[in-house]
Structure formats: structure tokens, C-alpha cells
**Q** 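So that we are looking at the same thing, I have put the structure below in C-alpha cells.
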2 protein chains.
Amino acid sequence: MNNDEAHGAKRDEQLAPRVDGILSSAVRRGELLAADCPSREVLRHLTSRWGVLVLIALEDGPMRFSDLRRKVSGVSEKMLSQTLQALEADGFLDRHSRPVVPPHVDYNLTPLGHEAAERVRLFADWIEDNIGRILRAREARTPEDKGHPTAGADRLQPAE
Amino acid sequence: MNNDEAHGAKRDEQLAPRVDGILSSAVRRGELLAADCPSREVLRHLTSRWGVLVLIALEDGPMRFSDLRRKVSGVSEKMLSQTLQALEADGFLDRHSRPVVPPHVDYNLTPLGHEAAERVRLFADWIEDNIGRILRAREARTPEDKGHPTAGADRLQPAE
DNA sequence: TTCAAAACTAACCTTTTTGTATGTACTTAC
DNA sequence: GTAAGTACATACAAAAAGGTTAGTTTTGAA
């Protein structure tokens, strides 16, 4: 038997993900673009400055705090522990602390975190693969001053 | 020789994207995790709070400023124009202003922007599809106070 | 004996981001 | 005649993010 129906609470959250097929795109799109969509908060956490890099770093396997700190170059201890706690609270990774001294703590992705990390890395890989194009496109625009909003609007005409 | 060498400057950026195959994963991974990697800045722009939503909104086609403002619910005029300018400067979207009054300005994704938006949407879709799991995973952790770093370390043993 | 390493926390400060409110120039709708 | 809409800029204020330093506790290495 399926005890899925058993807990009963929060039907709303469970309803939306079930919608798949033709309508799903429009419905889901509408959700994220809505100000009160809970996905927005999750999106913020996962796309946070250090969150992205931690997820990517942990894809290679479990890692200790200080190893992560060295791997994710540039992160401070404070931001790393803050980021790890946020991701842990969201259920994207697990923390395993061994009661030894000096402390030994391992972090590893949960199945959920692994799925998220995969997607994040796909996006990150695209950026790295295309960083040349991107930088060139940027340079093609910054050198020349692009027309100001009012600059081209010297001669105004009524909207047709 | 090929005229690729002609401009001389920034060989480095062009070199990396050319690396593909077995080594690419390790190399690229290493780049983003390096503090001075230019991809990090691009990543910040694309994963900025409103940048993600603007890219997704523009995937359906060109849109005017005020239409975007209504579609991306919750964004202020200031942040929207700031976000649009940043994405435009990076070459992810184009701005087309018609010299009429009241002003009429259209924004649309460039080919580059389209590729980026696709990846971003894939990730966003995953979040929306799994928001139920995510929220449940979070709730499973927050109610109970998870062990403090020192809490479980009452009896300390030398690291083995 | 002093230092470094481990994995943090807490306090303090700076920087960045975001929001709010206002103004602009002109037109259309009420 | 007044309000609303258009696409912003600008100034100021609040909030969030980030950095730096110091401190904890114990071990092992120099």
C-alpha cells in the first residue's frame, strides 16, 4: 500500500509537482515569477555566491571543512560555515562530526543535493565552456558608449 | 600561420575553452574554484536574484520594460533596470528603444543569452518540480535542534 | 616550549545589494 | 484639470552579505 496519503498535511506543495505534461511549463513558470513562490528562497540559497561552488566541490565526494576551504579558493571560514549550514538546513548536504580532537568533520551531498549539484554544474560548465565568447561579447559593448535612453530620443514622435 | 594569433592579447581566455575531452572536466572545474577565475563574475551576474528571473521571463520572447516589471513579480523599477543593464553589458540581451513618447523599449535575449537562459531554466524547473521534496527535507531538519559541533564532542579521543 | 592544525563561534566593521521615494517629459484617458 | 502610464535616473536609507580578528580545545611536530 502507499502510505503517501497518510500524513495528510500540506497537500498544496504536493499538488504542484505532480502537474506534468502540457500545462506544467506554464504553471511552473508562473510560480517562480510570482513574488511569494517558495522556490525563490531555495533558488537564492542554491545560487548564492559560495553555495554554487560548494555544491560543485562536493560532487567529487565527501570533504572536510578545511579541505573545502582550500578547494573553494577565496572563501572565508565564516562564509564557508555559513554556507554549509544553510545547505545542510535545506537538506542538500549532511554533516558528519567525529568526536575526536582535533575535530574531524565531513560534509557530503544528500541524494537531493546531488541532483541539485548536477544541474548547477551543467550551468557552470556552460559558462566555463563559453567564457571566451562571453568576454568577447562584453568587450564589444563596453568600449563604445552605448546610446543613452534620452540620447536617441531627441526628436520625439507620438507613439503610433 | 592562422590569424588567430594576430590580436595577440588574451591568449589565456581563448586557450581554456578549446580544451575538451578527457582533461576538460578537471581543468574547467579547477578554473571556477580558483579565486581569480573570470567565470565567477559571469556566474554572479547570471545567478543574481533578478537576473535569473529576467532571463526566464525573456525566454518567451521580447518584452517591454513595464511588462517585464509586471511579469517578474516583486522586482522594483530600480533593480529591474539595473539588472537589465548588467545583462546587456554582458551581451546576454539587447535593448531596442523607439524614439517615441511615451517611451517604448523592447528587451530580447541574444543567442548567447538564449543559451544561458535555457540552462538557467533547466535548473529552475528542477527546483519547482522538487520543491515539495525540498521543503519536506528542510522541515525534517529544522524542528529538532541538530547537534552542536561541541555537543557530541563531550568525550574526546585522539584522532585516529 | 612555542607553533600549527582542526572546525568552528562571536564581535566588529566594511561593502554590496536592495528598497523607497521623487523627479522627468509627454501623452492619453477620465 | 488631474491622474495614469512609459522608461528610466538619482538620492537616501535599510538590509544583507562579506571580511577580519580573536578565541576555543587538544594534539603532534619542530
Side-chain angles (χ1 to χ4, degrees), chain A residues 35 40-41 44-45 47-54 62-88 93-107 146-160, chain B residues 35 40-41 44-45 47-54 62-88 93-107 146-160:
Chain A
R40 281 205 185 172
E41 200 193 339
R44 293 303 318 272
H45 288 172
T47 62
S48 71
R49 176 164 186 187
W50 302 114
V52 174
L53 301 178
V54 165
M63 217 172 295
R64 298 179 63 167
F65 184 88
S66 49
D67 290 331
L68 265 174
R69 174 146 160 60
R70 277 183 287 265
K71 185 158 191 175
V72 179
S73 163
V75 70
S76 66
E77 291 194 351
K78 180 193 166 189
M79 289 317 298
L80 180 57
S81 84
Q82 220 171 85
T83 301
L84 289 170
Q85 283 171 10
L87 291 177
E88 193 200 352
L93 52 84
D94 279 326
R95 194 186 100 107
H96 297 288
S97 164
R98 303 183 199 167
V100 296
V101 59
H104 186 121
V105 180
D106 281 306
Y107 291 92
K146 78 279 184 187
H148 286 282
T150 51
D154 276 332
R155 298 143 189 282
L156 296 178
Q157 299 167 337
E160 71 266 4
Chain B
R40 280 205 184 173
E41 200 193 339
R44 292 307 314 276
H45 288 172
T47 61
S48 71
R49 175 163 188 190
W50 302 113
V52 175
L53 301 179
V54 165
M63 219 171 294
R64 297 180 64 168
F65 184 87
S66 49
D67 289 332
L68 265 174
R69 175 146 158 60
R70 277 183 286 265
K71 185 157 189 174
V72 181
S73 163
V75 70
S76 67
E77 291 195 351
K78 181 192 165 190
M79 288 317 297
L80 180 56
S81 84
Q82 219 172 87
T83 302
L84 288 169
Q85 283 172 10
L87 291 177
E88 193 201 352
L93 52 86
D94 279 327
R95 193 185 100 110
H96 297 289
S97 162
R98 303 183 199 167
V100 295
V101 59
H104 186 121
V105 181
D106 280 306
Y107 291 91
K146 78 279 186 188
H148 286 283
T150 51
D154 277 330
R155 297 143 188 284
L156 296 178
Q157 300 168 338
E160 58 287 347

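Just so it is clear, the structure is predicted and the values come from calculations on it, not from any experiment. Sequence lines set the chain letters: A, B, ... in the order given, protein chains first and strands last, and positions in each chain run from 1.
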**Q** Kindly write out the residues that satisfy salt bridge (charged side-chain N to carboxylate O under 4.0 Å, His left out) with A:Arg70, not counting sequence neighbours, or none if the list is empty.
**A** A:Asp67

**Q** Within the pair B:Arg95 and D:dC8, is there a side-chain N or O less than 4.0 Å away from OP1 or OP2?
**A** yes

**Q** Does any non-hydrogen side-chain atom of B:Leu80 lie less than 4.5 Å from one of B:Val72?
**A** no

**Q** Show the numbers, then the answer: is there a side-chain contact (heavy atoms from CB on, under 4.5 Å) between B:Asp106 and B:Arg98?
**A** CA-CA 8 Å; B:Asp106 280 306; B:Arg98 303 183 199 167; 3.2 Å; yes

**Q** Of all the heavy-atom pairs spanning A:Met79 and A:Val75, show the shortest one and how long it is.
**A** CB-CG2, 4.0 Å

**Q** Do the side-chain N or O atoms of A:Gln85 get closer than 4.0 angstrom to the phosphate oxygens (OP1, OP2) of C:dC8?
**A** no

**Q** Taking atom P of C:dA7 as reference, at what distance in whole Å does atom NE2 of A:His104 sit?
**A** 7 Å

**Q** CG of A:Leu84 versus P of C:dA6: gap in Å, rounded?
**A** 15 Å

**Q** When you compare the protein's N or O atoms with those of nucleotides 14-20 of chain D, which come within less than 3.5 Å of each other, and at what distance?
**A**
| residue | atom | partner | partner atom | Å |
| --- | --- | --- | --- | --- |
| D:dG18 | N7 | A:Lys78 | NZ | 3.1 |
| D:dG18 | O6 | A:Lys78 | NZ | 3.4 |
| D:dG19 | N7 | A:Lys78 | NZ | 3.1 |
| D:dG19 | O6 | A:Lys78 | NZ | 2.3 |

**Q** Where along residues 62-70 of chain A does a heavy atom come under 4.0 Å from DNA chain D, residue by residue in number order?
**A** none

**Q** Quick one: B:Leu80 CG to D:dA9 P, roughly how many Å, whole number?
**A** 11 Å

**Q** Among all residues two or more places apart in sequence or in another chain, which pass the salt bridge (charged side-chain N to carboxylate O under 4.0 Å, His left out) test with A:Arg40?
**A** none

**Q** If you apply the rule side-chain contact (heavy atoms from CB on, under 4.5 Å), what do you find for A:Leu84 with A:Leu68, and how did you get there?
**A** CA-CA 10 Å; A:Leu84 289 170; A:Leu68 265 174; 3.9 Å; yes

**Q** In whole Å, I'd like the distance from the CG atom of B:Leu53 to the C1' atom of C:dT18.
**A** 14 Å

**Q** List the residues meeting salt bridge (charged side-chain N to carboxylate O under 4.0 Å, His left out) with A:Arg69, not counting sequence neighbours, and say none if there are none.
**A** A:Glu77

**Q** Mind checking what makes side chain to side chain contact (heavy atoms under 4.5 Å, CB included) contact with A:Val105, not counting sequence neighbours?
**A** A:Arg95, A:Ser97, A:Tyr107

